[in-house]
Protein chains: 2
Amino acid sequence: MLSKKSQYAFKALAYLAERCDEGPVLIADISKKKKIPLKFLENILLELKKAGILDSKKGKGGGYFLKKDPSKVKVAHVIRLVNGPIAMLPCVSLYFYERCKDCNEKSCRLHDMMVEVRDASLNILENRTLKDLIN
Amino acid sequence: MLSKKSQYAFKALAYLAERCDEGPVLIADISKKKKIPLKFLENILLELKKAGILDSKKGKGGGYFLKKDPSKVKVAHVIRLVNGPIAMLPCVSLYFYERCKDCNEKSCRLHDMMVEVRDASLNILENRTLKDLIN
DNA sequence: AATAAGTCTATCAAATTAGTAGGATAATAT
DNA sequence: ATATTATCCTACTAATTTGATAGACTTATT
């Protein structure tokens, strides 16, 4: 399951995507409209900024805004950033791979099955962007 | 990601599925061969028994064994039992549904997307069984 | 200089995960 | 009967993760 943090991140990103031509948006504004705890949201947005998805401006008239066009930010990328692996097993993850101890990957049928699940999920998540989150 | 408990459960179930015509298998045997902490495995197997997947016999000649044919036990069912929801969001889960607070499901595009991911995953996991875990 | 906003670091409580301990119960063998 | 074998059960603990908060700091604007 996606963490609450991830859900907040998507809500905030969707909100920013809807307003991506209107200049910076206040954290407090997002927090209020999307009912996300302010300080928690601060941390999340900062993280997304450091990851290159958002940018910000300080002082009056400042706030957060998308650094790229919503259609350029993949949902899979956001999940990996905020939530971690998409795969169901470490031995099957593309970005967070870890060898399975005491298990031969070549002959593990669970491995194969989880590769299938991963690919089915990625087929969707790699082809959807923040643009698809806008109503 | 699947918990270690889930991974252990699948290893144990695969082991039992391979030996489903050979009578009861000792917990200690599974623990040793699959390198699963003994006491942890005890708890897991007991849980699977209570869920109706396994049965057991006490005393000499006892042990655990599959209650049904391996081809009758769906992978999706085991995941839900041991790991919990398969869906990425509570508002999209079939067996662990929870309403999304402060979010209108009808107009939430993330919701739609996660329904797609869920169905893509279930399409695989509901159609694979313990039999598919045997080499 | 005052104000408005994001930045940073640290901390905290609750929940979850992974694993352990040890006795209780039941089936079998002698 | 009783000793042995093996599962059953309840509780506990340690480590990690998650969700959230506090407060001082920095930077931009007026």
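Below, read A as the first sequence line, B as the second, and so on, with proteins coming before strands; counting in each chain starts at 1.
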Please list, for nucleotides 23-27 of chain C, all pairs of protein and nucleotide N/O atoms separated by less than 3.5 Å.
| residue | atom | partner | partner atom | Å |
| --- | --- | --- | --- | --- |
| C:dT25 | O2 | B:Lys58 | NZ | 3.3 |
| C:dA26 | O4' | B:Lys58 | NZ | 3.1 |

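- With sequence neighbours left out, A:Phe96 forms a side-chain contact (heavy atoms from CB on, under 4.5 Å) with A:Arg80, A:Pro85, A:Ser93.
- Salt-bridge formation is not detected for the pair A:Glu105/A:Arg99: no Lys NZ or Arg NE/NH1/NH2 atom is positioned less than 4.0 Å from an Asp or Glu carboxylate oxygen.
- In the region residues 45-52 of chain B, proximity to DNA chain D at under 4.0 angstrom, judged on heavy atoms, holds for B:Leu46, B:Lys49, B:Lys50.
- Within residues 16-26 of chain A, no residue is approached by DNA chain D to less than 4.0 Å at the level of any non-hydrogen atom.
- Applying the salt bridge (Lys or Arg N to Asp or Glu O under 4.0 Å) criterion to B:Asp119, with sequence neighbours excluded, gives no partner residue.
- Heavy-atom distances under 4.0 Å link DNA chain D to no residue of residues 87-99 of chain A.
- Partners of A:His77 according to the side-chain contact (heavy atoms from CB on, under 4.5 Å) rule, which considers only residues two or more places apart in sequence or in another chain, are A:Ile53, A:Lys74, A:Leu81.
- Atoms CG (B:Leu38) and P (C:dA18) sit 18 Å apart, rounded to a whole Å.
- Evaluation of the salt bridge (Lys or Arg N to Asp or Glu O under 4.0 Å) rule for B:Arg118 yields no partner, not counting sequence neighbours.
- Residue pairs meeting the side chain to side chain donor-acceptor pair (under 3.5 Å) criterion with at least one partner in residues 35-46 of chain B, sequence neighbours excluded, are A:Asp102-B:Lys35, B:Lys39-B:Glu42.
- Taking CG of B:Leu13 as the start and CG of B:Leu48 as the end, the distance is 5.0 Å to the nearest 0.5 Å.
- Of the two residues contacting DNA chain D, namely B:Asn43 and B:Gly61, the nearest-nucleotide position lying further toward the 5' end is that of B:Gly61.
- Under the side-chain contact (heavy atoms from CB on, under 4.5 Å) criterion, A:Tyr15 pairs with A:Arg19, A:Val25, A:Asp29, A:Ile30, A:Lys33, A:Lys34, sequence neighbours left out.
- The side chain of A:Pro37 lies closest to D:dA20, out of D:dA20, C:dG19, D:dT7.
- With sequence neighbours excluded, no residue forms a side chain to side chain donor-acceptor pair (under 3.5 Å) with B:Tyr95.
- B:Ser6 meets the side-chain contact (heavy atoms from CB on, under 4.5 Å) test with B:Leu2, B:Ser3, B:Val82, B:Asn83; sequence neighbours excluded.
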